[in-house]
Amino acid sequence: MSLIVMKFGGTSLADLERIRHAARHVKREVDAGHQVAVIVSAMAGTTNQLVKWCEEASALHDAREYDAVVSTGEQVSAGLMAIVLQDMGISARSFTGWQVPVRTSDVHGAARIQSIESDDLRSRLSEGQVCVITGFQGISSLNRITTLGRGGSDTSAVAVAAALGADRCDIYTDVDGVYTTDPRIAPRAQRLSRISFEEMLEMASLGAKVLQTRSVELAMAKGVRLVVRSSFDDPDAPQVAPDGSNSGVPGTLVCDEDEIVEQQIVSGVTLAKSEAKITIRSVKDRPGVAAAVFGALADEQIVVDMIVQNVSDDGRQTDITFTVPDAEYDRAMNAITSDRERFEYDTITGAKGGAKISVIGVGMRSHAGVAASMFRALSEKGINIQLITTSEIKTSVLIAEEYAELAVRALHTYYGLDREEEG
Ligand code: ADP
Ligand code: ASP
Ligand code: MG
């Protein structure tokens, strides 16, 4: 007997029919004698609607009330899932974040889970009850409802799995695993039977929204066995990987690097749109300038991504370029321009609408030339590179958004990741 955490995303719970289908996956595990905790997202589209209402109610809405509103979608799906399970003859009850409770920091809209009270869940699970828990939310030390950031139910699921010491955390979604790139962009993307935590972490943080970045971080830190699989599969089909591979269940196993036999040099290509670029020209080239610029942005809670600083010609002045999400562009510009005397720059320019394309693979540690071939592949398509950043296992470039999909497909083909055409 195992303890399994099963998480269902919004598309998998889009209507009652889909909730019933998801519940049949739960029933299969219960019938096999496993203890099951279920984490649910809001029904597809619900969270977007709730966010929109907050924005329409007031552009400068109270972040605590935003959380009170946007957390409600998960409560509906948890209750409905429990009702449907009961209807199938399974003992089940729903829990909201505060009922568990899932304790978090008090950063509303981007709270981090600090602890999960698991005694009650444990005793219910051991009695055979299915605990259906709302994802995406918790409660702060000030007794306010918090949310974990968009896509946060993945993190809830991993955190619950870690707290319960679950044997597996299955993330059920609308694709049947993690692919070499978003299969909606490159139809010839291939499903990976396994991916290392490190690569998955890079892929998630660089735009593959199939798992929230924090969930991968947490699974890696806590050693949670994480599987990404399809909720649309036949719940009664045999529980083996379609290609006969090894993870034990259908889908992609996210695991330690040493559990992967065949490593590719490049495992995946990701795309993140809506990246704005800002260049500050002729700032003083002396210690403390970068600290001041990025300190001003940090004070505004603006997350900066790519950063490039040029070597100055005369040793006195330099240019700094960085990217922020489009949504933060105006605030970032304001943070710098409102304190112009302090930074002593000449001009500041910027534009929204960039796309960051990244190639990722642990094999890049030991193989030279991956970045060079990336630039070659893009130049062959006439795509201009605006910025470049690298780390040990990834290379990212910023390009114009209009070429984003073309670039992803070109790189996917270039690195030999395309699936063979059938027939
Ligand atoms: P859920 O509602 O189940 O949380 P999401 O929409 O958050 O689902 O994530 C699933 C989506 O992630 C897929 O529909 C797919 O388009 C997208 N995606 C992006 N990159 C990848 C990738 N490398 N592998 C699989 N899916 C990806
Ligand atoms: N419902 C939340 C969102 O749409 C959380 C999630 O789906 O993971 O972001
Ligand atoms: Mg998601």
Side-chain angles (χ1 to χ4, degrees), residues 4-30 36-57 61 65-88 90 92-100 102 108-111 130-139 145-160 169-176 182 184 209-212 214-215 228-235 251:
I4 301 173
V5 171
M6 306 174 73
K7 180 256 167 176
F8 294 94
T11 319
S12 309
L13 304 170
D15 52 37
L16 275 177
E17 198 189 328
R18 293 225 177 130
I19 293 178
R20 284 199 189 92
H21 189 82
R24 285 177 54 211
H25 282 287
V26 177
K27 184 173 189 310
R28 180 192 63 239
E29 303 296 2
V30 171
V36 180
V38 176
I39 311 295
V40 288
S41 293
M43 295 163 84
T46 302
T47 311
N48 287 346
Q49 177 62 65
L50 295 168
V51 170
K52 204 159 148 247
W53 278 334
C54 291
E55 285 166 353
E56 282 170 13
H61 48 261
E65 301 307 343
Y66 167 94
D67 276 354
V69 174
V70 301
S71 61
T72 57
E74 272 69 13
Q75 185 171 338
V76 174
S77 13
L80 289 174
M81 175 59 87
I83 291 173
V84 166
L85 286 168
Q86 288 168 3
D87 198 47
M88 291 174 167
I90 295 169
R93 75 151 273 192
S94 67
F95 289 83
T96 59
W98 64 267
Q99 285 175 313
V100 173
V102 175
H108 286 275
V130 173
C131 299
V132 184
I133 305 165
T134 52
F136 185 48
Q137 59 180 265
I139 184 167
I145 293 171
T146 51
T147 62
L148 310 179
R150 298 305 304 269
S153 298
D154 298 327
T155 302
S156 307
V158 173
V160 168
C169 181
D170 286 355
I171 305 289
Y172 284 83
T173 184
D174 54 6
V175 280
D176 62 355
D182 189 339
R184 291 181 210 287
K209 71 165 187 164
V210 62
L211 287 174
Q212 198 198 33
R214 178 82 188 116
S215 73
V228 176
R229 53 186 298 181
S230 171
S231 67
F232 300 144
D233 280 356
D234 175 3

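Considering only heavy atoms from C-beta on, Pro235 stays 4.5 Å or farther from Lys27 through its side chain. With contacts defined as side-chain heavy-atom distances shorter than 4.5 Å, the pair Leu50/Tyr66 does not qualify. In this structure the side chain of Phe95 never reaches within 4.5 angstrom of the side chain of Val102, judged on heavy atoms. Contact of the Val76 side chain with the Thr46 side chain is not registered, since no non-hydrogen atoms from C-beta on lie closer than 4.5 Å. Between Val26 and Phe8 there is a side-chain heavy-atom pair separated by less than 4.5 Å. Between Phe136 and Val70 the shortest side-chain heavy-atom distance falls below 4.5 Å.
In the displayed structure, Glu17 atom CD is contacted under 6.0 Å by at most 12 heavy atoms of other residues, nucleotides or ligands. The number of heavy atoms from other shown groups lying within 6.0 Å of CD (Glu65) is above 12.
Summarising the geometry of Ile171 relative to Ala157, their closest heavy-atom pair is CD1-CB, 4.1 Å, with the distance given to 0.1 Å. Of all the heavy atoms in Ala111 and Leu148, the pair that sits closest is O-CD2, 3.4 Å. Among all heavy-atom pairs drawn from Val40 and Ser77, the shortest one is CG2-C, 4.0 Å. The shortest non-hydrogen separation linking Thr134 to Gly97 is OG1-N, 3.0 Å. Val210 and Asp154 make their closest contact through O-OD2, 3.8 Å (heavy atoms, listed as atom of the first residue, atom of the second, distance). Contact detail for Asp67 and Thr146: the closest heavy-atom pair is OD2-CA, 3.3 Å.
Using a cutoff of 4.0 Å between basic side-chain nitrogens and carboxylate oxygens, Arg184 and Asp174 are scored as salt-bridged.
Using a distance-only test at 3.5 Å, with no hydrogens or angles considered, a donor-acceptor pair links the side chain of His21 to the main chain of Asp233. Side-chain atoms of Ser71 do not come within 3.5 Å of backbone N or O of Thr147 as any donor-acceptor pair. Here the side chain of Thr72 pairs no donor or acceptor atom with the backbone of Ala68 at under 3.5 angstrom. When atom types are taken as modelled, the side chain of Asp170 and the backbone of Met6 share no donor-acceptor pair closer than 3.5 angstrom. No donor-acceptor pair closer than 3.5 Å links the side chain of Glu74 to the backbone N or O of Thr96. Between the side chain of Arg18 and the main chain of Thr11, a donor-acceptor pair closer than 3.5 Å is present.
Atoms CE and CG, from Met81 and Leu16 in turn, are 10.5 Å apart once rounded to the nearest 0.5 Å. Atom CD of Gln49 and atom CE of Met43 lie 13.5 Å apart (nearest 0.5 Å). One finds the CH2 atom of Trp53 at 12.0 Å from the CG atom of Asn48 (value rounded to the nearest 0.5 Å). Atom-to-atom distance recorded for Leu13:CG and Ile19:CD1 is 5.5 Å, nearest 0.5 angstrom.
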*Would you check, one step at a time, whether the test side-chain contact (heavy atoms from CB on, under 4.5 Å) holds for Lys7 with Ser41?*
CA-CA 8 Å; Lys7 180 256 167 176; Ser41 293; 3.6 Å; yes
*side chain to side chain donor-acceptor pair (under 3.5 Å) between His25 and Arg28, intermediate numbers included*: CA-CA 5 Å; His25 282 287; Arg28 180 192 63 239; 2.9 Å; yes
*Please test Val51 against Arg150 for side-chain contact (heavy atoms from CB on, under 4.5 Å), starting from the C-alpha separation and ending with a verdict.*
CA-CA 10 Å; Val51 170; Arg150 298 305 304 269; 4.0 Å; yes
*Apply side-chain contact (heavy atoms from CB on, under 4.5 Å) to Arg93 and Cys131, showing your working.*
CA-CA 6 Å; Arg93 75 151 273 192; Cys131 299; 5.6 Å; no
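Using a 3.5 Å distance cut-off with no hydrogens or angles, the side chains of Gln212 and Thr155 do pair a donor with an acceptor.
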